[in-house]
Protein chains: 2
Amino acid sequence: MRVERATLRDVARLAGVSVATASKALNGQPQVRASTRARVEQAASQLNFSPNTLARGLITQRTGTVGLLTSDLEGRFSIPILMGAEDAFGTDRTSVFLCDARGDTIRERHHLSALLSRRVDGLIVVGARPDSRPSLGRDLPVPVIYAYAPSDDPRDLSLVSDNEGGGRLAVDHLIRCGRRRIAHITGDASYGAAQDRARGAQQRLAEEGLEPAGGEVWFGMWSESWGRGATRMLLERCPDVDAVFAGSDEIARGVLDVLHEQRRDVPGDVALVGYDNWNILVANARPPLTTVDMNLEQLGRVAAQRLFAAIGGTLGSGIEKFPGKLITRESTAPLR
Amino acid sequence: MRVERATLRDVARLAGVSVATASKALNGQPQVRASTRARVEQAASQLNFSPNTLARGLITQRTGTVGLLTSDLEGRFSIPILMGAEDAFGTDRTSVFLCDARGDTIRERHHLSALLSRRVDGLIVVGARPDSRPSLGRDLPVPVIYAYAPSDDPRDLSLVSDNEGGGRLAVDHLIRCGRRRIAHITGDASYGAAQDRARGAQQRLAEEGLEPAGGEVWFGMWSESWGRGATRMLLERCPDVDAVFAGSDEIARGVLDVLHEQRRDVPGDVALVGYDNWNILVANARPPLTTVDMNLEQLGRVAAQRLFAAIGGTLGSGIEKFPGKLITRESTAPLR
DNA sequence: TTGTAAGCGTTATCAA
DNA sequence: TTGATAACGCTTACAA
């Protein structure tokens, strides 16, 4: 049973008023008598009226619609950002178009023009990795905010996670737990995020007059199996290590695996901190992992707010960094 | 630099033709002289013209837009379905609105009306768990397809994964590997999916005259830690078990963990099959896990096709089941 | 082959 | 407080 759609005219007719009045009544304009408004509202609900936002958008030049253009296949970063944005927009005011370019520039251009022709009010671009990505250009008719991965054009506005601060946060926590021989095992050295987290970690270590356990930061890959491999090497070179800061939760899971294998107690012998707060990995670990949360939902929320403020006006520029937060679970504890 | 938007009128003026001719030229209508078309196209690209789909939609009654209403917080199931749907729709013909109701009925109604007032051409509803969910009702102005979680109204069309077949697939593979003492550790017994997978598994076992190792199916929770607990009990009650079929990859990771702990070789002593093909869990396991893939992308693709066929026409009804496929990795191998 | 004009469902500006 | 009426940007008969 497909149902007919009522238009404002139908509502007006049923309520015995003009279309103009019906419009005003439904949109809460003040110059409408209360009884008239009631009649119109009654008619609207009776007809199950749902205003056509296309027609409205044609006039108001606003669609109440935002495009979220992502390249993050698994939705791991985009989903929390999407949530935050939806949150900030409020449930029924603005809807979000999610398009996944799957890391393909051509597909990205396609999606971009599809979104523009649908007259989105603004765009949020979420990159695949936290390094800078090509700007969509400056000649777009709507404001654009880059989230997670900054634009390579400093005139654009980018919202990113503070990786240096995150690294510092992790190490600071380990130091407060009384650890002194702290290793850092992390991902691909070509990622800015890996470098930044390592820098933050090392700075905090240096403040205590410490060096990373094993003498260096262990760069490698963003995988569980690298976490395993690195940990085996680490335990050999530096058997008295008492804490590991892993550059991602995946890596942390690998670290944990080998620590178990070698009968090291976590956190008794070795404390462990991950990065990402990826629930599936972190909550199910044994013990559950302390980790750094990048606060992506807040990032999405702010992106939405900035975008709304910018619609019709202008946007700021530059890179805005968002602090992460440490989520403590059982994999870290004070040294007894 | 915010750029002005060109309208069809601007294009027509620049090309020295009427709006109607410009429209025909750009839309590939045949009754336009080639040279005229060229001139119009040239003007359009010069002005960076992007047609306003709102205006077009107002006339054609089609927006080229589909709503994907999900309740699956993490996007674990919706993302592949979204991908499949985007795929089938083709890059620039149709865009997808993704809305997450977060399991909240009120939010779902909100999103629904937002989507309807945006005049989506159709809806795909993805449930949070593979049990039946309340129908959105029959009195909607657009076709609706339920994916993953079927509607509780048999007059709706639902596309779901064949869990019974999946269970059979897993056990069949283990049997072909020469295993005879096969246990099934799975999630919450209140989930239809758990029951269905168990039924498929037991049927296949029965065909070989076998019973599940340990005498029963181990229902519990969809978590890694239940996988661990159940495996400990299993190994005690039935130490000669030579295969485990886990009801999810999460559970499988728990099983694997305890098998390692108790120095059982996988797949040498015990073969292991998971369910979901959740890459992060499965690819990083040691060894990588054989698992059942629910084929959600295909489900999304078909949902999109059905939806398109239904727009303007009518939809079928009932529940359509999609077979999964077995992805073999190193956690299973023939008994030597 | 091109142009004129009507109309899609709203909102906004007036005048009544 | 209400109602004609003109937009919004496009497609589509129909006329030229």
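Bear in mind that the values here come from a model prediction, so they are computed numbers and not experimental data. Every chain is numbered from 1 and lettered A, B, ... according to where its sequence line falls, protein lines coming before strand lines.
- Relative ring orientation between B:Tyr148 and B:Phe77 is described as parallel, the plane-to-plane angle staying below 30° on a 0-90° scale split at 30° and 60°.
- In the model, B:Arg118 has a side-chain atom that pairs as donor or acceptor with a side-chain atom of A:Thr65 under 3.5 Å.
- Taking only side-chain nitrogens and oxygens, A:Gln61 never comes nearer than 4.0 Å to OP1 or OP2 of C:dT11.
- In this entry the distance linking CG of B:Asn52 with C1' of D:dA7 reads 14 Å, nearest Å.
- Comparing C:dT10, C:dT2, D:dT2 against the side chain of B:Arg119 picks out C:dT10 as the nearest.
- Whole-Å rounding puts the B:Leu54 CG to C:dC8 C1' distance at 12 Å.
- Under the salt bridge (Lys or Arg N to Asp or Glu O under 4.0 Å) criterion, no residue pair touches residues 22-43 of chain A, with sequence neighbours excluded.
- One finds the CZ atom of B:Arg76 at 10.0 Å from the CG atom of B:Leu296 (value rounded to the nearest 0.5 Å).
- One can place CZ of B:Arg5 at 10 Å from P of D:dC10, the figure rounded to the nearest angstrom.
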Is there a side-chain hydrogen bond (donor to acceptor under 3.5 Å, both in side chains) between B:Ser132 and B:Asp152? Walk through the geometry before answering.
CA-CA 5 Å; B:Ser132 80; B:Asp152 62 3; 5.6 Å; no
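- Put simply, CZ on A:Arg39 is 14 Å from P on D:dT1, counting in whole angstrom units.
- Distance CG (B:Leu116) to P (C:dG9): 16 Å, rounded to an integer number of Å.
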Yes or no on salt bridge (Lys or Arg N to Asp or Glu O under 4.0 Å) for B:Arg102 and B:Asp72, after CA distance, side-chain angles and deciding distance?
CA-CA 7 Å; B:Arg102 306 181 202 187; B:Asp72 154 37; over 6 Å; no
Apply salt bridge (Lys or Arg N to Asp or Glu O under 4.0 Å) to the pair B:Arg62 and B:Asp121, showing each step before the final yes or no.
CA-CA 6 Å; B:Arg62 289 279 189 85; B:Asp121 295 331; 5.1 Å; no
How would nucleotides 11-16 of chain D be written as a contact map, 5' to 3', with B for base contact, S for sugar-phosphate-only contact and - for no contact, using protein heavy atoms under 4.0 Å?
BBB---
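- Rounded to whole Å, atom P of D:dC8 lies 9 Å from atom CG of A:Leu58.
- In this structure, B:Thr36 reaches the C:dT2 phosphate: one of its side-chain N or O atoms is under 4.0 Å from OP1 or OP2.
- One can place CG of A:Asp10 at 11 Å from P of C:dC8, the figure rounded to the nearest angstrom.
- Between B:Arg9 atom CZ and D:dC10 atom C1' there is a gap of 12 Å when expressed in whole angstrom units.
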